[in-house]
Engineer: 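If you scroll down you'll find the structure; I have some questions about it.
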Amino acid sequence: MIKQKLKQNQLSSILLLILLLVATALRLYHLSTFPPSPFIDEYNLAQAALRDWQHQPVIAWNGFSWYGTPELFIRALALTLSLMNFSSTGFRLIWSGVGWLLLLIIYKLAKSMFDTKHALVTLAFLSLSIFHLNFSRWAHGSVIMTTTVWLSLLFYYLGLKKRHFYFIVLAAISFALGLYSYVGMRVYLFYPLSLGLIHLYWWWRQRDGRNSNHALFDLRANCLFWLVIMILWLPQIIAAMHDPLGFWGRARELSIVNFSQGWQFNLRQLLKSSRIQFSIFFQGVDPNLRHNPLRYPTFPPTTLALALIGLLGLIKTKRWREISLILSLMLAAVLAGLLSGWQISLFRSQPILPAIYLLAATGFWQIFIFIKNKFWQKDQFDSIKLILLLSSLICFSFFLPLKRVFAYIRLTQSSVTLGNAFSTFEYRVAQTAKQAANSYPHVYLSADYYWYASTQYEIQRAQLDNKVAKFSLDELKKQIKSPAVLILSPDYRSLLPYFKSIWPHLVLVNQPMNILLIRIDQKQLPSPTENHQFGLRRVCSGLDQKKRFGTDATPYLIWSDNRPIAAPQFNCSWQGVIHLKSTGQYYFRLFADDWAELTLKQQQRKVLQLKSDDRLVTRAVPLKAGDYNLKLDYKNWGGAKRIELKMMGPRDNDFKLISPFSLRPQFTKSITSNKSAKHSKQKKRSTNQWH
């Protein structure tokens, strides 16, 4: 008997080692080339970490950084990345290591809840999950959240099982680590809350019974769990009182809860999110290609069937403690997805995966034991039937996950289709800027490139801050006075005549990936006369209500935080005259983050009004050749600052930026004067034009 147990332990150890080796190989396979480039969120985190490491503007350790990310996590990340020279591969090694740690946590939890056999099958399911495999390679927040939540659940279960409070304290510390790393973790406070309600219910039911001591211990354990979490999270709560906008961060943009109007739920959005989440779980329709590159359902029919059988088996055997722990976490994961609003995906609901696999492993062994008890006889025929049935069960359970893994590996080797989902384009722009900086003293990036954190981070890491800068159309003549290179997006191709009016001898170089490269070799070139300006008159104001004036060559702007106005919330308005050369059908495309309104008038008659809080294209608008008064109002409520207006005329094949030569700001003198009299005169003229 002892020898048999030793053999079983040796076999289990060998299988565990094999599974861990396979999982490690899958998570390190082509780590430097897939994803094809670092994702923009990775760059944002890396840029914040690099900022702290270089001791530039440093936020308090209990403050909030990018999108509400706790600054304490940013500093810990900076310390870790400094050992890897802030490389993208180093980033992925961190996330892969955190994802690999989750495998050990799930194995230990399944072994504690059931036995070693259940733990091995659960580990096999999670190791072959393409979703956990995909997220382990790049999804920093989702992997950290999933690992810390399940580590907390492991300690919590051990504390309830062994009746030791120090395991509960460890569970609370694990949970607090997640709260200090990923903002989406806050939704998972619903998980200990639901457990507390369950403990309270069972204590009330058992208060006079023989299990009253156990129920009372569970209730006290949950209270201790909450107490330690709140104590550890107290610095963040205090910081949130001083900076509520920073605390809510990304949640203010994504959540279906309206925080500014008394925590109001958008019921319509909730129903829409429920439909999308159902399709993600069971149909594989994830809006984001990064999260599900193969477009597979999150839960295959085989795994889902095993999970249902496992849940029914737990209910039959009355394993209420295990059921309450698993289902509470599953409900919290579903809630995290539903609250994501318009960006709902598996990213924030990833902790539901180990729960399903844990139930599926239970269902697998229930079927296995049923077949074994039904057909295990001494005669040869029953032995053959047993082997065939068990082989069928194994194929039924693991054939589809293995098939998906091979498909995922093939995709990583031909990942061209994933380029747009990641930051491949902006990454190559940064590489082009580095090469140009070796030959020219100045390199200028268009604002729509420099806006991306990927470009900024690569330039900052290469210490090219003094040679690479962003430019704006209204400041080109002032900025460029020596040989330089302009790196533009393809949208600027329609503005080449405007560039040639400033630099008649520029050289246009076509680059791969549709990068527009312009070389300016002359040291000094004549520019258009100052009294012949093209563009729209811009007036912006922030919370201080102070007016800021300027001119933009075309209404296509992506701003940094200090231009055109250094304020978290502001309004801008553009006014001018647009000249249409031909009569015919026109289309306008307006995109704004957050809100914009376009109005066209001709002789005080409104011919077009377009409102947008997202990308919006008008229907065909019949317009005659001539001049039209154009007004564009824009409101930004925080976060990204971007607006673009494009037009497609009767002779165009695609939407293009509006040419500066077709715009007149209705004045001839410079509007950058500081004299208030000029400003008031221009404002009066503009007001009379529209009322």
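All values below were derived from every heavy atom in this structure, side-chain atoms included, with hydrogens, water molecules and symmetry-related copies excluded. Residue indices begin at 1 and follow the sequence shown. Every value quoted in this text rests on a predicted model; they were computed, and no experiment measured them.
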Engineer: Looking at every non-hydrogen atom in both residues, tell me the closest pair between Ser273 and Ile344 and how far apart they are.
Structural biologist: O-CD1, 3.1 Å

Engineer: Kindly determine whether Val443 and Ile459 satisfy side-chain contact (heavy atoms from CB on, under 4.5 Å), including the steps that lead there.
Structural biologist: CA-CA 11 Å; Val443 178; Ile459 291 172; over 6 Å; no

Engineer: At their closest point, which heavy atom of Ile276 faces which heavy atom of Ser279, and how far apart are they?
Structural biologist: O-OG, 2.5 Å

Engineer: Under the side-chain contact (heavy atoms from CB on, under 4.5 Å) rule, collect the residues that match up with Lys434, sequence neighbours excluded.
Structural biologist: Gln431, Glu458, Ala462, Leu464

Engineer: Can you see which heavy atom on Gly542 is nearest to which on Arg548, and at what distance?
Structural biologist: N-NH1, 3.9 Å

Engineer: Heavy-atom count around Asn438 CG within 6.0 Å, excluding the residue itself: above 12?
Structural biologist: yes

Engineer: Are Arg348 and Tyr182 close enough that some pair of their side-chain heavy atoms sits under 4.5 Å apart?
Structural biologist: yes

Engineer: Counting N and O atoms only, with roles assigned by atom type, does the side chain of Arg519 sit under 3.5 Å from a partner on the main chain of Leu517, one being a donor and the other an acceptor?
Structural biologist: no

Engineer: Which heavy-atom pair separates Gly576 from Leu536 by the least distance, and what is that distance?
Structural biologist: CA-CD2, 3.7 Å

Engineer: Could you tell me the separation between the CG atom of Asp654 and the OG atom of Ser494, rounded to the nearest 0.5 Å?
Structural biologist: 10.0 Å

Engineer: Pair Leu632, Ile643 - check side-chain contact (heavy atoms from CB on, under 4.5 Å), show working.
Structural biologist: CA-CA 10 Å; Leu632 182 61; Ile643 182 171; 3.7 Å; yes

Engineer: Indicate yes or no for a side-chain donor-acceptor contact from Arg290 to the backbone of Ala139 under 3.5 Å, with no hydrogens or angles considered.
Structural biologist: no

Engineer: Are the side chain of Lys646 and the backbone N or O of Phe655 linked by a donor-acceptor pair below 3.5 Å?
Structural biologist: no

Engineer: Just wondering, do Tyr408 and Pro293 contact through their side chains at under 4.5 Å, heavy atoms?
Structural biologist: yes

Engineer: Would you find a donor on one side and an acceptor on the other, under 3.5 Å apart, between the side chain of Thr583 and the backbone of Ala625?
Structural biologist: yes

Engineer: Could you check if a side-chain atom of Arg137 sits within less than 4.5 angstrom of a side-chain atom of His30, using non-hydrogen atoms only?
Structural biologist: yes

Engineer: Is it the case that atom CZ in Phe278 sees more than 12 heavy atoms from other parts of the structure closer than 6.0 Å?
Structural biologist: no

Engineer: Which heavy atom of Ala407 sits nearest a heavy atom of Tyr296, and at what distance?
Structural biologist: CB-OH, 3.9 Å

Engineer: Could you grab the distance from atom CG of Leu496 to atom CG of Leu488, nearest 0.5 Å is fine?
Structural biologist: 8.0 Å

Engineer: Go through it in stages, so that I can follow the logic: the residues are Asn292 and Ile280, the test is side-chain contact (heavy atoms from CB on, under 4.5 Å), and I'd like the CA-CA distance, side-chain angles, deciding distance and then a yes or no.
Structural biologist: CA-CA 9 Å; Asn292 189 357; Ile280 291 173; over 6 Å; no

Engineer: Rounded to the nearest 0.5 Å, what's the gap from CG on Asp627 to CG on Leu663? Could you check?
Structural biologist: 10.5 Å

Engineer: Please examine the side chains of His291 and Phe131, heavy atoms only from C-beta on, and report whether any two atoms are closer than 4.5 Å.
Structural biologist: no

Engineer: Would the number of heavy atoms belonging to other residues, nucleotides or ligands and lying under 6.0 Å from CZ of Arg295 be above 12?
Structural biologist: yes

Engineer: Out of curiosity, Leu338 CG to Leu271 CG, how far, rounded to the nearest 0.5 Å?
Structural biologist: 10.0 Å

Engineer: Give me the ring orientation class for Tyr498 and Phe661: parallel if the planes are under 30° apart, tilted from 30 to 60°, perpendicular past 60°.
Structural biologist: perpendicular

Engineer: Would you call Leu645 and Trp574 a side-chain contact if the rule is heavy atoms closer than 4.5 Å?
Structural biologist: no

Engineer: CE/Met648 to CD/Gln585 distance, rounded to the nearest 0.5 angstrom?
Structural biologist: 10.5 Å

Engineer: If you look at every heavy atom in Leu45 and His140, which pair is closest and at what distance?
Structural biologist: CD1-ND1, 3.2 Å

Engineer: List the residues meeting side chain to side chain donor-acceptor pair (under 3.5 Å) with Asp633, not counting sequence neighbours, and say none if there are none.
Structural biologist: Ser573

Engineer: Would you call Leu623 and Leu608 a side-chain contact if the rule is heavy atoms closer than 4.5 Å?
Structural biologist: no

Engineer: Run the numbers on Arg92 and Glu42 for side-chain contact (heavy atoms from CB on, under 4.5 Å), then give the verdict.
Structural biologist: CA-CA 9 Å; Arg92 294 171 184 174; Glu42 293 181 76; 4.1 Å; yes

Engineer: Could you check whether any side-chain heavy atom of Glu597 comes within less than 4.5 Å of a side-chain heavy atom of Lys611, counting everything from C-beta outward?
Structural biologist: yes

Engineer: Taking the side chain as C-beta and beyond, is there a heavy-atom pair between Ile578 and Leu600 under 4.5 Å?
Structural biologist: yes

Engineer: What residues form a side-chain contact (heavy atoms from CB on, under 4.5 Å) with His442, not counting sequence neighbours?
Structural biologist: Tyr444, Ser482, Ala484

Engineer: Sub-3.5 Å donor-acceptor pair from the side chain of Ser349 to the main-chain atoms of Leu346, do we have one?
Structural biologist: no

Engineer: Can you tell me how far CG of Leu590 sits from OH of Tyr634, rounded to the nearest 0.5 angstrom?
Structural biologist: 10.5 Å

